Amino acid sequence: MDAASPDQKFRLLGGRIPYVEGPLKVSGRAEYTDDIKRSGMLVGRLLRSPHAHARIRSVDVEAARRLPGVFAVLTGEKYPTQFGVLPITHDETAIAVDRVRYIGDIVAAVAARDELTAERALAAIRIEYEVLPEYNDPRMGVQKVEFPIHSRGLNGTNIQKEVVQHFGDVDAALGTASHFVRVRGRFSGVTHAFTEPLVTIAESTPDGRLTVWSATQVPHYLHRSLSEVLGLPMHRIRVIKPEVGGGFGGKSDPLPHEIACAALALETGRPVKMLFDREDVFLTNHGRHPTENDVRIATDAEGRILAYDIEALIDGGAWSSFGTVTTYYNGVLSMGPYRVPNFRYRGRRVYTNKPPSGAMRAHGGTNIRYSVETALDELSEQLNVDPFALRELNALPPNSTTINQFRITSTSFVKCLHAARQRSGWDAKHRKLPYGHGIGLGCSFYISGSNSPIHFTPKMPQCTVHLKVDMDGGIAVHCMQADIGQGSNTLMAAIVAEVLGVDLERMHVVRVDSDISPIDLGSYSSRVTFMMGNATRKAAESLRDQLVHAAALLTGYPPERLEVGHERISVRHRPDVGVSYLEALHKAMERSGALLATGSYTSPPMGGEFKGARAGTAPAYSFGAYVAEVIVDVETGEYRVPKVWAAFDCGRALNRLAVEGQIEGSIHMGLGQVMGESMNYRGSRLLNPSLLEYKIPMPQQMPEVECLLVGDPDPEGPFGAKEAGEGPLIAILPAVGNALYDAIGVRFTELPITPDRVVRGMEQRAAAGRTWKGA
Amino acid sequence: MSDPTRLRLTLNGHPLDVVCPPERILLDLLREDLNLTGTKRGCDLGTCGCCTVLVDRRPVLSCLTLALLAGGREVTTIEGVTPASGLSPLQKAFVDLGATQCGFCTPGFIMTAGALLRENPHPSRGEIASAVAGNLCRCTGYSKILDAIEAASRVA
Amino acid sequence: MHLDPFELHRPESVDETLELARRYAGSFDYLAGGTDLLPNYKMHLNLRPHLIALEDVGELRGHSLDRIGAMTRLADLERDPEFLRSYPAIAEAVREVATPLVRASGTLGGNLFLETRCFFFNQSYFWRQSLGFCMKADGDQCHVVPQKEKCYATFSGDLAPALMVLDAEAEIRGPGGARRVPIGELYDGAGDGIRRTRLAPGELLVAVHLPASARRRRSTYRKLRVRPSFDFPELGVAAAGRWEGDRLEELSLAAGGLETYPRRFDALTSPLLGAPLTDTKIEEVASKLRGLVRPVHNTFLAPDYRKKMAGVFTRRALAGIRPGATA
């Protein structure tokens, strides 16, 4: 049957499938990296730079080395090879070589018998610095600077990446526009704040191998980086990903401490554990970029979008990380879910002497979306068109191509709009609720897996899955896809069980281990369901074919007349004639033993021919329309969000429990960025590197969330599925911002919207003589 | 006078008798010395609740408790509330209703929620939210955690 | 994160405690719950070689309507319905302290003598070293109000303002014997974020006493913070009053979370006695209080906003305790 048929019936998929590893997690038996102990294990610790920007004049580690109980002290010069998640922007080192670039930059690593000794060793290291001018604001770095943070900065500036794109003719379109709106957004940096701190264990053994256990979302990229920096061939390195306590993008770069820890293991010949405390985690950051954007949107008299004209200034922090992608995404992800015929974008990501920014859930698509959706809300007000109607008028149709050559296949965006509008009772509420009480709409568009693998060589699939089944009938599932809590192990198991018709309990999803797991590129760009799902499906179908073939031999019916039922293969329309799963299996393995099957996924060619054309291309896109209600205390500026209607198009939701979990969790995380999460700096110094002063919302702040999963199956997604891990975060931010406007008549273009800003907004509105809903 | 560094307590129903320096934190004793790794270390500063254990049936932050001060008391960890086979109704509700994602905060939530249900077998949703407001979850948005605790309160 | 080694003392009586305090004068901290002290110790803030744990001192434990032992857990107060009903301000304050997990260990005495807080103080040794330290720990300058004379760390306890408006008294034992002082006098308005208490060396808070009059007062505590749990107060206002008919007989007002010490505002409230507490009068008091407080930028929300909110919260607290008020 056609996978994309909305009527296709499943035994497991489409239902609510509890996590296969759930029992281990609720009993404390799931094994995370810090739960692992190796005999003779040493404690690894890092010395960090107290200066935001300085040259390292000299390093004296002799006193530290001489301390009893100290096994190794490493500084940067031993492994100076630069690395980074993107092959085109390698600018990090495991340990700073001759320059430190932010407060917290790693300058030395120590392995010692215990924590106290390691700390004493760190204290005994003498470093002489020559302090350089610090550049903590991206504006300081857009022109030539005296001491560029990196030599690769554009023409002596601190600009790490500049993207200039122009499609259509924006100036001409502006000339014919009848309506025009401009929003200048400002966004604090936010960070992932996963609950499991970063932690790595490394062990080198006398057989010449290095084993690394790490809390990572990207075991394969870590594997590559370890090899590049340490100079060991990949086959002598084994990367294991134990259970990971959340990532959200914060574990999606190969990180310096992972390599430093491995280097200490090589140096000492002993296992070394490096466990971060919260401050370490905040200083490692790689969170969402502090950003300023300037969004101009023009429409015709009816509200049809004629042009976008966008600029973004992105604060990159000390390193590149995913920054080149970020710079593109801030432009190219601003258009969908709408048809934009003319588009101009200039994005600049600038190095600063602050903890590096990187990829965080809904990377590159969140801040720009806030400004765009705020602008559309403002336009609908100008045009006196309902916000839903304005968006529907501009919706991208299915099977279309955007001005920048994105291939849009499935979109149920209009269905999302209809569902959110109807379920929220919008028409009776918008502009009709009393002062202080409001409702707002925000929409989203996000990639379902980046079409471009990050590494280009060798040419290989984006995901490969292996299945192995022996006479016991249990099915081992091997794949390097990184379950970090999103439920991908469960999905992989469920797909195999669905295709083979067997019980879920037969599945053994084997822990990620580069010695045995075929490569998947990792958990980032919301790629896993789509790519791993397709690869898993192919592997399972291949295994199914072997079993059906054996059943054909046993029953005497040709394979095409057989069908897979529950733990059974039987003749179509003759369920009494057939064999059990185990009978088929045992027949199939008569000649060569355990069955093996493999499946892989490579996304189809797509994208235009211009520079940067591949950025943002994906085999599918998710869409969303969220409505949020807010109630504001108009004296104190405190507000709460009692209810959210979240209409989301993830194609067919294969595990509704997991999809709802992603939506609810995304709303929580997005609300955090709206209501109070912010990395606050004084100059280059992070003021709040703690879970006390970094304000993650509490249970009492969570709205009731109604998930409306209205997507039609995607033609290429596994069983019609698309992503649901990142896109669901985006719409809540503008939905709340626009609801605040509806409540109190103030446009918030700066996040987070803390109560002091709400009060100031109301005061400014009053001072300007504007009334709102009679107040 | 008895040895001030001798620690005797009841751990998960069994007596424990060890020597423990004054600066030893209960969380470290459990995880590092006794290898009870179900109790998680999320922040070490009392700001996440991942390390919650019961001391005399009340949930406390093991990262902010001196091990010696648990002397003479009953300490219960996640290992102590998990049946020898299968799961408790609360744990089962967490699995079935999707209240665990990455799972790192989960043992802490199970400890806090279990203590709540013992003290108040049928809490309102608001009471549940207040009771777990010292446990941080970054994955679920709490909704399914509250659902699971509510469901478990109906089973009990 | 580990603690550096220290010597732990576990006295079982107040006398024994005072003796230890005398012996280790200047080089000990009391451990009274640990939820404030131990994080600070883990961050190597003002470590002392001796910790005197007050857990086993029976005289410090237990509470009744009249007396709360200094080592009473906040969670125990929270679970005493009669106590909560009798003192709404304390009930509201207790429930708003940090989190349920902190309240399970945290004590009354610990909350009253909470270390003052500041962005430039509550940081790791590495962080503070990279800044050059501050006068409250290891350094000699203030980074909030740049100078070297006064520390501006903020008093962040929730219970003090609530107890102050109820005329609670602290029972103190020390080398010079026992004495009782109003809660407000535990704190030194002339001091700073470092030298903020008026306890003499070697003195110990044994209990807090609540006068019978406190139970006749209507009272409330209103706390501003970013999140409904975890967060210390960005400000906290407590008010208590007694009416005969619509005539105000007693009124008190206190605020914390704004300055280096919690403050009572008798000069603002005493002129109001003997007459109804009208909206206009409330507005006047609120605006005067707002003019008096001087928050600085060492908490999450901006000081001008906190100052403004001190007025709003005062108005709401006063309106909230008037007879017939609903919330």
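Just so we're on the same page: letters track the sequence lines, and every chain starts at 1. The structure displayed is predicted, hence computed values, not measured ones.
Residue-environment remark: CZ (B:R57) stays at or below the threshold of 12 foreign heavy atoms within 6.0 Å. Counting heavy-atom neighbours within 6.0 Å of B:K92 NZ, excluding the residue itself, gives a total of 12 or less.
Counting all heavy atoms, side chain and backbone alike, B:P59 lies closest to C:A104 at O-CB, 3.3 Å. Annotation for B:G46 and C:V102: closest pair O-CG2, 4.5 Å, computed over non-hydrogen atoms. For C:E55 against B:L69, the heavy-atom pair with the smallest separation is CG-CD1, 3.7 Å. Closest approach of C:F230 to B:L136, counting heavy atoms only: CE1-CD1, 3.8 Å. Contact record, B:A133 with C:S229: O-OG, 2.8 Å, taken as the closest heavy-atom pair. Closest non-hydrogen pair, B:A131 versus C:P100, comes out as O-CG, 3.5 Å.
Inter-residue side-chain proximity for B:R58 and C:R79 is flagged as met; some heavy-atom pair is nearer than 4.5 Å.
Heavy-atom distances place the backbone of B:C48, and not its side chain, under 4.5 Å from chain C. Heavy atoms of C:R103 lying under 4.5 Å from chain B are absent altogether. For C:D4, the part lying near chain B is the backbone, with the side chain staying farther off; criterion is any non-hydrogen pair under 4.5 Å. Of the two parts of B:S130, only the backbone, made up of N, CA, C and O, holds a non-hydrogen atom closer than 4.5 Å to a non-hydrogen atom of chain C. In this structure, chain C has a heavy atom under 4.5 Å from the backbone of B:C43, while its side chain stays farther away. Looking at C:L31, the atoms closer than 4.5 Å to chain B (heavy atoms on both sides) all sit in the side chain, from C-beta outward.
Here the CG atom belonging to B:N135 is positioned 8.0 Å from the OG1 atom belonging to C:T99, to the nearest 0.5 angstrom. The CG atom of C:L38 lies 10.5 Å from the CG atom of B:L61; values are rounded to the nearest 0.5 Å. Note: B:C51 SG to C:L101 CG = 8.0 Å, rounded to the nearest 0.5 Å. With rounding to the nearest 0.5 Å, the separation of CG in B:L45 from OG1 in C:T35 is 12.0 Å.
Among residues at least two apart or in separate chains, salt bridge (Lys or Arg N to Asp or Glu O under 4.0 Å) pairs with a member in residues 80-102 of chain C are C:E96-C:R225.
Along residues 21-28 of chain B, the residues that come nearer than 4.5 angstrom to chain C, judged on non-hydrogen atoms, are B:P22, B:E23, B:I25, B:D28 in order of number. Of residues 117-128 of chain C, not one residue has a non-hydrogen atom less than 4.5 Å from any non-hydrogen atom of chain B.
In terms of the salt bridge (charged side-chain N to carboxylate O under 4.0 Å, His left out) criterion, residue partners of B:D56 (sequence neighbours excluded) are, by chain and number, B:R73.
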